[in-house]
There are 2 protein chains.
Amino acid sequence: MKPKQPTDLMAPPERPAPVAGAAGRAPGVLSEKHVARLSVYRRLLQDRPAGAPPEIYSHDLAALSRSTAAQVRRDLMTIGFTGSPARGYRIDQLIEAIGRTLDAPAGQGAALCGVGNLGRALLDYFTIWRPQLRIVAAFDTDTAKTGRVIHRCRVYPLAELEAVVRAQGISVGVITVPAASAQRVAEMMLAAGVRGFLNFAPTPLHLPDGAYVEEMDITTSMETVAYFARHLPGAAATEKP
Amino acid sequence: MKPKQPTDLMAPPERPAPVAGAAGRAPGVLSEKHVARLSVYRRLLQDRPAGAPPEIYSHDLAALSRSTAAQVRRDLMTIGFTGSPARGYRIDQLIEAIGRTLDAPAGQGAALCGVGNLGRALLDYFTIWRPQLRIVAAFDTDTAKTGRVIHRCRVYPLAELEAVVRAQGISVGVITVPAASAQRVAEMMLAAGVRGFLNFAPTPLHLPDGAYVEEMDITTSMETVAYFARHLPGAAATEKP
DNA sequence: CTTTCTTTGTGAAATGAATCACAATGTGAA
DNA sequence: TTCACATTGTGATTCATTTCACAAAGAAAG
Ligand SMILES: NC(=O)c1ccc[n+]([C@@H]2O[C@H](COP(=O)([O-])OP(=O)(O)OC[C@H]3O[C@@H](n4cnc5c(N)ncnc54)[C@H](O)[C@@H]3O)[C@@H](O)[C@H]2O)c1
Ligand SMILES: NC(=O)c1ccc[n+]([C@@H]2O[C@H](COP(=O)([O-])OP(=O)(O)OC[C@H]3O[C@@H](n4cnc5c(N)ncnc54)[C@H](O)[C@@H]3O)[C@@H](O)[C@H]2O)c1
């Protein structure tokens, strides 16, 4: 009946507890929500049609991104970007300012582990990607897949992970291996110097502080959507009457 | 200089504003966060090894799911599930209780639109899926893909969407078409009766209240991970010195 | 030049979510 | 049977995020 963790001899009762991907942010570092919204703003602004005006108001950017005008202004405030009351925000400058915050000046490399159905789709998707953040190496245990180049990305055997990650200074890892291997592969990447993880396997990763993990849990997202499809205001619930 | 939205003649200044997928929840309906965590709890409990004990403590479930014991207890409280102070929570009963909350008693059908790289990977992934929530139809404009059966799922031409969705009472839509088509395809699905959307296209969908949308923005997730890989406490930032 | 707009930037307030902390519970050991 | 103790359930509290609301700015019209 003893608990696994015997009430931590001399620490306060309940665990310090990780909230999001990693431990509490350092000062001056944005929150996950801010970063995510800035990423969306930038993409929407970059995707604008050619003839569009060179400025934009907070409420127009809000409408594009399903946000609110106040939220947009707050977000831009956090990166110290200012506009003019009469003309709004300069789009080209805003894109650049977001880039200064989000992008690594010298670029950043990512590695993908598990070149299966999903891994190949992602490799394809990210080839058409800006040089600031690219998948520069892939790894798999299947010898039918290693040694080849898929979607311009070389696929290495897993044994070479440490060497390749170190040599290329890769800091981001994308995990698309079966659930049973995800934890082990993540630890290998961490040991090789990877600091940020995007995990598609349906198992939460357990990594120490000093690693940031984002769970892309498609199963949970699907279940969430299904739940709200039934519980929306005015939904007669898809249940037998 | 006139704004697109002329300060809403008689509504309060700034828009009511959608926060998450849809409008404010009805009373008695869980929050997105609660639903997402419950989904994770259930999957972790179902995936337990055979010999594991039939009960679990909040702090053990918390450790599995990267949550906290207090959080777990709160979540179970919201669905009215109770355990015993001495033995914890009965796992079989808990799985069932979560199912009563998350699953539609009569099952729920989903449709996938866009059978490309990502769409095929998802079809494959969701074939091995419990009957409570299944992808029962796929749609594409490419005649090379329609008429066939991929991963046990029939692929229909887009023109048949309305008829098939209505006939099968499909309530969930998965969007994996190119960004330029996403909004149009979503509107078709909505018109046919789909209420919940999982959008993989890198453009936010604009649907009226009465639809729930979850954006699976892989690009943004990737940029977020890259950002925190550089800004973790103790990260020397991947920038040239 | 002055008036009339609309918008920005931002303290202050409101809302929402996570955490704390502890009384109540009940089990197993003595 | 009684004691000791780890865990549950939950009100209260803290923390984070969003929204409100308004002073300040500046362009256009008269
Ligand atoms: N396919 C999807 O749409 C989808 C959706 C959500 C989640 N996922 C998850 O993503 C992961 C991959 O899915 P998939 O459909 O691509 O599976 P898959 O079986 O097609 O691909 C897995 C790949 O990983 C490789 N692999 C296995 N063990 C490995 C190891 N230890 N190191 C390196 N490579 C290894 C295999 O050789 C294979 O190429 C799974 O965890 C799955 O649950 C997939
Ligand atoms: N591949 C990935 O890993 C990935 C990652 C993130 C986001 N996405 C997004 O998901 C979407 C699909 O990506 P993909 O790589 O599978 O692209 P893809 O080009 O391989 O597939 C697109 C499919 O949609 C079909 N299609 C096109 N227009 C259609 C329409 N109006 N109605 C129905 N079907 C239509 C095409 O025939 C094709 O089969 C894109 O929006 C992409 O940006 C993909």
Side-chain angles (χ1 to χ4, degrees), chain A residues 1-9 11-20 24-25 27 29-38 53 55-63 65-90 93-94, chain B residues 1-9 11-20 24-25 27 29-38 53 55-63 65-90 93-94:
Chain A
M1 182 81 0
K2 280 281 179 64
K4 264 71 180 172
Q5 184 204 15
T7 313
D8 265 343
L9 292 171
E14 306 224 326
R15 207 144 336 143
V19 174
R25 308 190 297 283
V29 176
L30 304 182
S31 78
E32 301 177 56
K33 301 252 177 90
H34 277 140
V35 172
R37 281 192 301 261
L38 288 169
E55 287 111 357
I56 192 167
Y57 295 119
S58 59
H59 63 259
D60 290 327
L61 186 47
S65 58
R66 306 192 39 183
S67 183
T68 65
Q71 182 78 77
V72 167
R73 294 200 296 272
R74 267 269 180 254
D75 288 337
L76 301 194
M77 203 176 79
T78 63
I79 61 169
F81 188 83
T82 63
S84 110
R87 273 185 254 98
Y89 301 95
R90 279 282 302 273
Q93 291 179 357
L94 178 49
Chain B
M1 182 74 6
K2 276 284 179 69
K4 262 71 180 172
Q5 186 207 14
T7 314
D8 267 344
L9 295 170
E14 305 221 329
R15 206 145 338 145
V19 174
R25 306 189 298 284
V29 177
L30 304 181
S31 79
E32 301 178 55
K33 301 253 177 87
H34 278 139
V35 171
R37 282 191 302 260
L38 289 169
E55 284 110 359
I56 193 167
Y57 294 120
S58 59
H59 63 258
D60 290 327
L61 186 47
S65 59
R66 305 189 43 180
S67 184
T68 66
Q71 182 78 78
V72 167
R73 294 201 295 273
R74 267 265 182 261
D75 288 338
L76 302 195
M77 204 177 77
T78 62
I79 61 168
F81 188 82
T82 65
S84 109
R87 273 184 253 101
Y89 301 95
R90 280 281 303 274
Q93 292 179 356
L94 179 49

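To find a chain, count down the sequence lines: A is the first, B the second, and so on, and within it residues start at 1.
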Q: Measure the distance from CZ on A:Phe81 to C1' on C:dG9 and round it to the nearest whole Å.
A: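 Checked: the CZ to C1' distance equals 13 Å.
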
Q: For the side chain of A:Pro85, starting at C-beta, report the closest nucleotide among C:dT10, D:dT18, D:dA25.
A: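 Minimum distance to the A:Pro85 side chain belongs to D:dA25.
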
Q: Atom CD of B:Glu55 to atom C1' of C:dG26: distance rounded to whole Å?
A: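 In whole Å, C:dG26 C1' and B:Glu55 CD are 13 Å from each other.
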
Q: Return the 5'-most residue of the pair A:Ser84, A:Arg37 with respect to DNA chain D, ranking by each residue's nearest nucleotide.
A: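 Between the two, 5'-proximity favours A:Arg37.
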
Q: Please report the interatomic distance CG(A:Leu61) to CZ(A:Arg73), rounded to the nearest 0.5 Å.
A: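 With rounding to 0.5 Å, CG (A:Leu61) is 11.5 Å from CZ (A:Arg73).
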
Q: Could you give the CG-to-C1' distance, from A:Leu76 to C:dG9, as a whole number of Å?
A: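 Taking atom C1' of C:dG9 as the reference, CG of A:Leu76 is at 11 Å.
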
Q: Could you tabulate the donor-acceptor pairs under 3.5 Å formed by side-chain atoms of residues 78-86 of chain A, not counting sequence neighbours?
A:
from    : atom 1 : to      : atom 2 : distance (Å)
A:Thr78 : OG1    : A:Asp75 : O      : 2.5
A:Ser84 : OG     : A:Ala86 : N      : 3.3
A:Ser84 : OG     : A:Arg87 : N      : 2.9

Q: Provide, to the nearest angstrom, the distance between the CD1 atom belonging to A:Ile79 and the P atom belonging to C:dT10.
A: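 Result: 13 Å.
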
Q: Could you go through the side-chain contact (heavy atoms from CB on, under 4.5 Å) check for A:Tyr89 and A:Leu76 one step at a time?
A: CA-CA 10 Å; A:Tyr89 301 95; A:Leu76 301 194; 3.6 Å; yes

Q: Give the rounded distance in Å between these two atoms: CD of A:Gln71 and P of D:dA21.
A: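 Nearest whole value for this atom pair: 17 Å.
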
Q: Closest approach to the side chain of A:Met77, judged atom by atom: which nucleotide of C:dT19, D:dT8, C:dG9 is it?
A: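 The nucleotide sitting nearest to the side chain is C:dG9.
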
Q: Do any side-chain nitrogens or oxygens of A:Arg73 fall under 4.0 Å of OP1 or OP2 in C:dT7?
A: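 No.
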
Q: For the CD1 atom of B:Ile56 and the CG atom of B:Leu94, what is their distance to the nearest 0.5 Å?
A: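 These two atoms lie 8.5 Å from each other.
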
Q: Give the minimum heavy-atom separation between A:Ser58 and A:Val72, together with the two atoms involved.
A: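 Nearest pair, atom of A:Ser58 first, then A:Val72: O-CG2, 3.9 Å.
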
Q: Between B:Tyr57 and C:dT27, is there a contact of a side-chain N or O with OP1 or OP2 at under 4.0 Å?
A: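 No, outside the criterion.
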
Q: Expressed in angstrom and rounded to an integer, what is the separation of A:Leu61 atom CG from C:dT8 atom C1'?
A: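 Between C1' of C:dT8 and CG of A:Leu61: 14 Å.
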
Q: Restricting to nitrogen or oxygen on both sides, can you table the protein-nucleotides 12-14 of chain C pairs closer than 3.5 Å?
A:
from   : atom 1 : to      : atom 2 : distance (Å)
C:dA12 : N6     : A:Arg74 : NH2    : 2.9

Q: Considering only side-chain heavy atoms of A:Thr82, which listed nucleotide, D:dT8, C:dG9, C:dT19, is closest?
A: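 Of the options given, the side chain of A:Thr82 lies nearest C:dG9.
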
Q: Taking only residues two or more places apart in sequence or in another chain, which ones pass salt bridge (charged side-chain N to carboxylate O under 4.0 Å, His left out) with A:Arg74?
A: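 Listed in chain order: nothing, the list is empty.
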
Q: Once rounded to the nearest 0.5 Å, what's the spacing between atom CZ of A:Arg37 and atom CD of A:Glu32?
A: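 Answer rounded to 0.5 Å: 11.5 Å.
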
Q: Rounded off to whole Å, could you give me the NE2-to-C1' distance for the A:His59 and C:dT8 pair?
A: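 Whole-Å distance recorded here is 12 Å.
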
Q: Can you check the B:Asp60 CG to D:dT7 C1' distance for me, whole Å?
A: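 Those two atoms, CG and C1', are 11 Å apart.
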
